Amino acid sequence: MVWYDGSMTNQEIAKIFRNVAAAYAIIDEKKHYFQMLAYQKAADVIQNSASQMDDLVKNGELTGFSGIGSGLKEHIEELIKKGKSSHLDSILSKVPASVFPLLEIPSIGPKKAYKLVTALKLNDPKKVIDQLEEKAKEGKITKLETFGEKSQSDILRAIEEFRKGAGKTTRMLLPMAFEISQQLITYLKKSPHVVEVNTMGSLRRRSPTVGDLDIAVATKNKDAVLDYFTKYPNKMRVIEKGTNTSSIITSSGTQVDLMTVPVENYGNLIQHFTGGKHHNVHLREVALRKGFSISEYGAKHKIKGKEEILKFTDEKKVYETLGMEYIPPELREDRGEIELALAHKLPKLIEEKDIKGDFHIHTSYPIEPSHDMGLNSMQEMLDKAKSLKYEYLAFSDHNPSQSQHTKEQVFNILKRRREKIEQLKKSNKSVRVISMLEVDILPNGKLAIDDKCFEYLDAVIVSIHSVFKMDKEKMTERIIKGLSHPKAKILAHPTGRLLGKRAGYEINLDKIIEFAKKNKKALEINAWPERSDLPDDLIKKVVEAGVMLTIDTDSHAKDHMDLMKYGVWQARRGFATKHDILNAKSYNEVAEFLEIK
DNA sequence: GCCGTTTTCGGCCCGACTGTTTTCAGTCG
């Protein structure tokens with residue numbers, strides 16, 4: 001088999017699919033409406049998948065994705081094998097190529113893009129955005145049918161915002177979204193007209209990255225609330241203000257959508273806007289089968305020809321009405337939660353209060369490490385652990401650098417460190433101390449410390465910190481070899497991804513899961529927001545396989561230990577219960593798992 | 001083009017807001 005060796009990323013495939021959907025909308029939206037939806041849904045599924053389509057196709061594992069049937073599967077396979085697909089190309093070639101770059105500009109969709117490109121003769125896909133800007137500045141857009149002064153100035157501003165990086169696809173990390181929303185909620189609560197306020201959307205689902213912020217307000221006076229909202233001091237500008245909703249851009253460049261609703265259907269509103277798009281579509285299909293049409297205003301229901309609308313202040317009632325269990329926000333991504341809720345078989349998800357310790361803690365202990373060390377002393381980290389009511393804490397500094405020390409020096413550093421830890425054990429009775437280390441797995445699969453060093457360690461975390469570009473199977477072998485040391489118990493940040501910076505290295509997770517299960521190893525959910533690693537859909541796989549997970553903060557300072565909640569949310573998104581998480585277990589169980597003597 | 005508690009055909013979620021319109025098209029979530 002000859003493979004196209006340019007290797008196509010999920011992002012690229014998703015973009016092609018979105019372009020096909022746009023082409024269908026332009027060619028004849030009515031005729032191709034459902035193909036269009038299908039391509040859009042598939043694009044979302046591909047983009048949000050933690051597994052690379054490229055890998056799945058090469059291993060013949062492209063199955064089980066809702067929204068990717070036999071037709072689209074073939075197109076994906078062709079894209080990956082040949083770098084293009086004749087069927088998709090024939091659809092794309094029906095519209096001018098200059099249409100597609102314009103789709104990245106907020107407020108420009110397929111129809112407008114097509115009108116602009118054809119009416120203004122913008123024929124160069126590489127320069128189309130610049131050319132459009134020129135035409136707008138020359139006042140040519142107002143002259144087009146269905147465009148006016150406002151559309152022209154809107155286009156100019158949208159291009160400007162796009163250039164600043166505020167395109168349709170830019171997303172921020174969860175902590176930033178969380179912080180901005182907290183400030184806004186504090187502001188909103190000061191208004192006497194605000195009865196209830198909550199976040200919705202991907203922020204409430206605790207998605208590791210968030211695009212826009214969605215906020216719900218229950219009120220008796222929506223005009224007053226909308227007015228108050230648009231006067232938010234930390235705003236750049238108001239995007240829109242309607243009778244029920246309004247959107248602003250904050251000074252940090254984040255779009256915030258506010259929806260108001262009377263108290264009686266507040267539950268319907270937050271249910272409607274919390275679920276991911278596919279969760280909502282799926283849920284409304286289930287509702288239709290049960291005779292309900294649900295929206296943010298309530299559940300419409302026909303009884304003896306008469307229509308009634310059921311309104312709920314509590315969103316739990318929406319699920320109850322449909323005969324389902326309540327689905328926690330973190331699960332509302334259409335990854336099987338609807339079926340489980342219908343069957344009343346949803347797992348009881350892990351909670352922050354279940355966490356009893358943290359295995360991945362870096363300190364300022366002078367270990368002369370291969371990577372960055374922590375800011376705070378071991379004692380300071382222990383004090384923080386005490387304030388979090390932890391039962392145990394493991395110090396997992398990076399191993400001393402190999403290049404700058406002899407084996408003997410490393411041995412002596414670890415010996416002294418162990419003595420220090422033994423002292424701390426005596427002076428800190430309320431938190432059990434575990435002596436660990438985060439050890440690099442070298443490219444050849446060996447660990448970056450000499451074997452005799454292990455006598456000073458209860459167990460080690462192993463991880464990849466160099467030579468990321470490796471063949472998938474070789475990387476998998478490397479990891480498994482590293483993990484097979486009897487004292488290696490936890491694989492840290494298993495995919496190595498950094499959100500917004502780099503995709504992870506490629507691994508065969510199934511093989512690692514199999515090895516971990518057989519050899520009693522744990523995989524880490526790294527709570528560091530930029531990592532959020534394992535990704536949620538892979539956590540789900542690990543949970544289904546019955547392999548142990550840990551949730552660790554990878555703290556390099558005492559305040560980082562507060563990031564635990566992000567790891568717990570991530571675990572919840574992966575359907576994990578407290579039984580799946582090692583650091584939700586007692587010290588004795590942990591000691592048994594880690595084989596601490 | 002997908003999919004199945006009406007299963008291999010015939011359906012496919014629901015609504016707000018804006019701008020350019022006199023009743024709607026386009027975009028967005």
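Predicted model only: the values in this text are computed from it and were never measured.
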Taking OP1 and OP2 of [N], is either one under 4.0 Å from a side-chain nitrogen or oxygen of [X]?
{"X": "A/Lys112", "N": "B/dT20", "result": "no"}
{"X": "A/Tyr297", "N": "B/dG15", "result": "no"}
{"X": "A/Thr243", "N": "B/dC17", "result": "yes"}
{"X": "A/Ser293", "N": "B/dC14", "result": "yes"}

| task | Rounded to the nearest angstrom, tell me the gap between atom CD1 in A/Ile105 and atom P in B/dC28. | result |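 It works out to 11 Å between those atoms.
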| Nearest-Å distance for atom pair CG/P, residues A/Asp212 and B/dT27 |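 It works out to 17 Å between those atoms.
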| field | Close approaches to DNA chain B from residues 144-154 of chain A, in residue order (heavy atom, under 4.0 Å) | value |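 A/Thr146, A/Phe147, A/Gly148, A/Glu149, A/Lys150, A/Ser151, A/Asp154 - these, ordered by number, are the residues of the stretch whose heavy atoms sit under 4.0 Å from the strand.
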| Tell me, which of residues 262-273 of chain A have any heavy atom that sits under 4.0 Å from an atom in DNA chain B? |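 When residues 262-273 of chain A is checked for heavy atoms under 4.0 Å from DNA chain B, there are no hits whatsoever.
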Pull out every protein N or O sitting under 3.5 Å from an N or O of nucleotides 3-11 of chain B, one pair per line with the distance.
from	atom 1	to	atom 2	distance (Å)
B/dC3	OP1	A/Gly67	N	2.5

| field | Inter- and intrachain pairs under salt bridge (charged side-chain N to carboxylate O under 4.0 Å, His left out), touching residues 238-258 of chain A, at least two apart | value |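 Applying salt bridge (charged side-chain N to carboxylate O under 4.0 Å, His left out) to every pair that reaches into residues 238-258 of chain A, excluding sequence neighbours, yields A/Asp227-A/Lys241.
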| query | Which residue pairs pass the salt bridge (charged side-chain N to carboxylate O under 4.0 Å, His left out) test with at least one member in residues 184-202 of chain A, sequence neighbours excluded? | reply |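 Those involving residues 184-202 of chain A do not exist here.
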| field | C1' spacing across the pair B/dT18 / B/dT23, given as an integer number of angstrom | value |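 The answer is 15 Å between these two C1' atoms.
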| task | Sticking with atom C1', work out how far B/dC9 lies from B/dG15, rounded to a whole angstrom. | result |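 Taking atom C1' in both B/dC9 and B/dG15, they lie 29 Å apart.
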| message | Need one value for A/Asn280: base, sugar-phosphate or nothing, where a base atom within 4.0 Å counts as base even if backbone is also close, heavy atoms only. | response |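 No contact.
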Going by atom type alone, with no hydrogens or angles, which donor-acceptor pairs under 3.5 Å involve a side-chain atom of residues 108-120 of chain A and a protein atom two or more places apart or on another chain?
from	atom 1	to	atom 2	distance (Å)
A/Lys111	NZ	A/Glu29	OE1	2.4
A/Lys115	NZ	A/Thr146	OG1	3.1
A/Thr118	OG1	A/Tyr114	O	2.7
A/Thr118	OG1	A/Lys115	O	3.3

